[in-house]
Q: 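Here you go, one structure.
Note that the coordinates shown come from a computational prediction; the quantities given were computed from them, not determined experimentally. Letters go in sequence order (proteins before strands), and every chain restarts at 1.
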Protein chains: 2
Amino acid sequence: MDPVTIKDIARALNLSTSTVSRALRDSYEISPETKRLVMEYAERLNYRPNPIALSLKGSSSKALAVIVPQIANNFFSQAINGIEAIAYNRGYHVIIFQTHESYEREMANVQQAVARRVDGLLLSLSSETSDVTHLHALHAQGVPLVLFDRVAPDLPVTQVVADNFGGAYAATSHLLQTGRRRIAHLTIPPYLSITQERLAGYRAALEQYGVAFDENLVRYGTFGPDEADELVEQLLAQEPRPDAFFTASDRLALGCLTALRKRGIRIPEDISLIGFTNLPAAEMLNPPLSTVTQPAQEIGQLAAERLIELIERKQKASPPATVKLPTTLVIRESSAPPVRAEADFRIGL
Amino acid sequence: MDPVTIKDIARALNLSTSTVSRALRDSYEISPETKRLVMEYAERLNYRPNPIALSLKGSSSKALAVIVPQIANNFFSQAINGIEAIAYNRGYHVIIFQTHESYEREMANVQQAVARRVDGLLLSLSSETSDVTHLHALHAQGVPLVLFDRVAPDLPVTQVVADNFGGAYAATSHLLQTGRRRIAHLTIPPYLSITQERLAGYRAALEQYGVAFDENLVRYGTFGPDEADELVEQLLAQEPRPDAFFTASDRLALGCLTALRKRGIRIPEDISLIGFTNLPAAEMLNPPLSTVTQPAQEIGQLAAERLIELIERKQKASPPATVKLPTTLVIRESSAPPVRAEADFRIGL
DNA sequence: TTGTAAGCGTTATCAG
DNA sequence: CTGATAACGCTTACAA
């Protein structure tokens, strides 16, 4: 019951393997009669070309590598969903790698991916990664590469991101508009492009409203669990106390919510909170969580589309560009209907 | 800058490819001197064996296929996380396929996976799948296969699941113990093993408490969005009205919570609610959600371990067995500290 | 219109 | 100890 090969068909039909190969590809040089014979027989035996042999032959492996820090994460699993959808439509397979936020593993994974002869890579940087020479090398070798979400702006490759600046700007602006002046920013590791963009958006809004930036109000966390409480504690100890929190990850948002609630602080009466997060059911939380969300699936789709485009017509290399997708700010307070606003600001920066 | 092959090394060192091959594998028949030469040169050129050539050669592809209904789902993304962790440790790669709950796509994906010559498959059935002959065929062909979560009990292969019966039994028992008698069960498509197990656990508890099973209290949903409200509406219209809901998926739990809250029904004062779900932050919901959770990551890990075991020593074929991991029931009400209990019941069934 | 043969990178078999 | 050679499944010049 081994898989049927072209050889089996050739033997059975008393033809050469090349004739069979050509017949299957509907080549013009084969007689209709022979074609019919081959096609039918192949159909009957449920012949499937061996993709490994095809890859070895050199053309393409029809596989994409996706390298992300963590699969078990709302943003990334949604993004992968988008990637897989596009890939499947175009006949590509998706090989998943996790870096677990480790630079070492990121490099190892990139190695593995190219060793597997994937046709291209979709990558979101680990939070440890500050040096991207491994990606420069990759790109120099001509390996199709698209970055998404956590990108490296200096790299001359296509990058797909959410409008992190705009989202942070919108969130901070909202807080300022509603009278907040001591806005704490709980964020993720500083190397990351998204961290910097969000911080920039936060600062831009402060500046616009004439509020001085206070670096004591900014705290960098990791992606580990249970760190929010400690950070919130530190921030609450300050004089004057923060009157708002703007957090940069699912975990930090939830952790902050928990920490504030635990201390009997009312949201948003005492302190406002907005999280940059794709957490589901934010409106069902207690209290409801205001969020800036990213179009995760669309980011994945777009990144996959660009990558496949790159793979399939390298000549027409559309110049590498950074594509920015709008984020959405949703303010949720008590049980009032949510206020929606597209965070698509582009103030001069 | 093309990848270095064994041939390149052979040419450069004036050796034959076979010598190089053996030297690299540290074969006993090669002189230490030659070995050193080859090793060093390979190291210097950063030689990596071509895994595609290796696969073609026939031994193993060091790749596992994971076929799940949906990646963007708490349970599955956590399970995949576990799978990837084990796979990575053992030197395997993970190729992800989504069926999107479609039988067609499940079959197509299985086909693709075997065509890719993966060393084994990890599969969780689509909700449309009632006929598993495609898997019987696979197994008959000797393809290593392990099912997890949504399994097919009749298939003579290893299966890894949570104790769905026990979880449902524990949840229902708790509801009964707290005086509920009209317990509605909002569940997922009926073909699924997990649906049946949960229903069985629900019925067993009812029976134990002498409460008659009422099929009008059971509703089957899909995995689509926005269906919970309609189902809840129907159930609430009954006389006497249900005094508790036990739901079987993330979406149904959240949808039910929303539907009840929307109608001003207090949980748990008016109606109790327990969800079979791995939703994060259940304790932060409003009202807090009582849950039965599955050890998703452990299920993934265990399934991957079993599969690799199967792949690597087929002779010692440990007989296929169904492994059941305990679920956890957590009752959350108001802001009282949660009550924990392992749902590890095995009442006679 | 069809067949022969080389080659993709590797390993295994068989001779030196 | 080392080297030729065939083979894995397929495509593609090049012959016929």
Side-chain angles (χ1 to χ4, degrees), chain A residues 1-39 41-42 45-63 91 111-112 114-119, chain B residues 1-39 41-42 45-63 91 111-119 141:
Chain A
M1 249 308 182
D2 275 338
V4 187
T5 75
I6 235 172
K7 240 182 201 165
D8 299 327
I9 302 180
R11 203 177 313 113
L13 265 46
N14 237 308
L15 291 169
S16 76
T17 58
S18 43
T19 303
V20 174
S21 171
R22 281 182 283 229
L24 287 171
R25 338 198 84 246
D26 203 20
S27 161
Y28 67 99
E29 2 177 38
I30 302 295
S31 79
E33 178 54 14
T34 309
K35 272 186 196 168
R36 198 184 50 73
L37 233 61
V38 172
M39 299 280 209
Y41 192 73
L45 293 210
N46 196 24
Y47 166 79
R48 296 278 174 264
N50 180 334
I52 302 208
L54 289 179
S55 311
L56 184 56
K57 198 62 181 73
S59 51
S60 99
S61 65
K62 287 290 183 184
Q111 281 274 0
Q112 293 280 5
V114 303
R116 287 246 158 210
R117 303 291 192 275
V118 294
D119 292 340
Chain B
M1 247 310 179
D2 275 338
V4 188
T5 76
I6 235 172
K7 244 183 199 162
D8 299 327
I9 303 181
R11 203 177 314 114
L13 265 46
N14 237 309
L15 290 170
S16 76
T17 59
S18 35
T19 303
V20 174
S21 172
R22 278 181 287 227
L24 288 170
R25 337 198 84 248
D26 203 22
S27 161
Y28 67 100
E29 7 179 32
I30 302 294
S31 79
E33 177 54 14
T34 309
K35 272 187 195 167
R36 199 184 48 73
L37 232 63
V38 172
M39 298 280 210
Y41 191 73
L45 293 209
N46 195 24
Y47 165 79
R48 297 279 174 261
N50 181 334
I52 301 207
L54 290 180
S55 310
L56 185 56
K57 197 62 181 67
S59 52
S60 98
S61 65
K62 287 290 182 183
Q111 282 274 0
Q112 294 280 5
V114 303
R116 287 246 158 211
R117 302 294 190 275
V118 294
D119 291 341
Q141 283 174 41

Q: A:Ile52 near the nucleic acid: base, sugar-phosphate alone, or nothing, with a heavy-atom cut-off under 4.0 Å?
A: nothing
Q: Identify whether any heavy atom of A:Arg25 sits under 4.0 Å from a base atom; if not, whether one sits that close to sugar-phosphate; answer base, sugar-phosphate or nothing.
A: sugar-phosphate
Q: Are side-chain heavy atoms of B:Asn50 and A:Arg117 found at a separation under 4.5 Å?
A: yes
Q: Do A:Arg48 and A:Asn46 make a side-chain contact, defined as non-hydrogen atoms from C-beta onward lying under 4.5 Å apart?
A: yes
Q: Check the distance between D:dA7's P and A:Asn50's CG and give it to me in whole angstrom.
A: 18 Å
Q: Could you work out which one of D:dC1, D:dA13, D:dC8 sits closest to the side chain of A:Arg22?
A: D:dA13
Q: When you compare the side chain of B:Arg36 with that of B:Met39, does any pair of heavy atoms fall below 4.5 Å?
A: no
Q: Please give the angle, rounded to 10 degrees, between the axes at the start and the end of the helix from C:dT1-D:dA16 to C:dG16-D:dC1, where five pairs define each axis.
A: 60°
Q: Rounded to whole Å, how long is the line connecting atom CG of A:Asn14 with atom C1' of C:dT2?
A: 12 Å
Q: Please lay out, stage by stage, how B:Lys35 and B:Asp26 fare under the test salt bridge (charged side-chain N to carboxylate O under 4.0 Å, His left out).
A: CA-CA 7 Å; B:Lys35 272 187 195 167; B:Asp26 203 22; 3.1 Å; yes
Q: Take atom NZ of A:Lys62 and atom C1' of D:dC10, then tell me their distance rounded to the nearest Å.
A: 16 Å
Q: To the nearest Å, how far apart are B:Leu15 CG and C:dG16 P?
A: 20 Å
Q: Starting at atom CD1 of A:Ile6, determine the distance to atom P of C:dG7, rounded to an integer number of angstrom.
A: 19 Å
Q: Would you say a side-chain N or O of B:Thr19 is under 4.0 Å from OP1 or OP2 of D:dG3?
A: yes
Q: What nucleotide among C:dC8, C:dT10, D:dC10 has an atom nearest to a side-chain atom of A:Leu56?
A: C:dC8
Q: With a 4.0 Å limit, can you tell me whether B:Ser31 has a side-chain N or O closer than that to the phosphate oxygens OP1/OP2 of D:dC1?
A: no
Q: Between A:Tyr47 and D:dC10, is there a contact of a side-chain N or O with OP1 or OP2 at under 4.0 Å?
A: yes
Q: Tell me which nucleotide among D:dA4, C:dA12, D:dT11 gets nearest to the side chain of B:Lys57.
A: C:dA12
Q: Output yes when a side-chain donor or acceptor of B:Asp119 lies under 3.5 Å from a complementary backbone atom of B:Lys62, and no otherwise.
A: yes
Q: Checking all strands, does B:Thr5 fall into the base, sugar-phosphate, or nothing category for heavy-atom contacts under 4.0 angstrom?
A: sugar-phosphate
Q: For a 4.5 angstrom cut-off between non-hydrogen side-chain atoms, does B:Val20 reach B:Tyr41?
A: no
Q: Whole-Å distance between D:dC10 C1' and A:Leu24 CG?
A: 11 Å
Q: Which nucleotide in the list D:dC10, C:dG3, C:dT11 gets nearest to the side chain of A:Ala53?
A: D:dC10
Q: Expressed in angstrom and rounded to an integer, what is the separation of A:Arg116 atom CZ from C:dT10 atom C1'?
A: 15 Å
Q: With a 4.0 Å limit, can you tell me whether B:Lys7 has a side-chain N or O closer than that to the phosphate oxygens OP1/OP2 of C:dC8?
A: yes
Q: Looking only at side-chain N and O atoms, does A:Ser18 come under 4.0 Å of OP1 or OP2 in D:dT11?
A: no
Q: From CG of B:Leu13 over to P of D:dG3, roughly how many Å is that when rounded to an integer?
A: 10 Å
Q: Looking only at heavy atoms, which two atoms of A:Val4 and A:Tyr47 are closest? And how far apart?
A: O-CD1, 3.3 Å
Q: Does the C:dG9 base have a donor-acceptor partner in the side chain of B:Arg48 within less than 3.5 Å?
A: no
Q: Main chain of A:Thr19, side chain of A:Ser16: is a donor-acceptor contact present, judged purely on distance under 3.5 Å?
A: yes
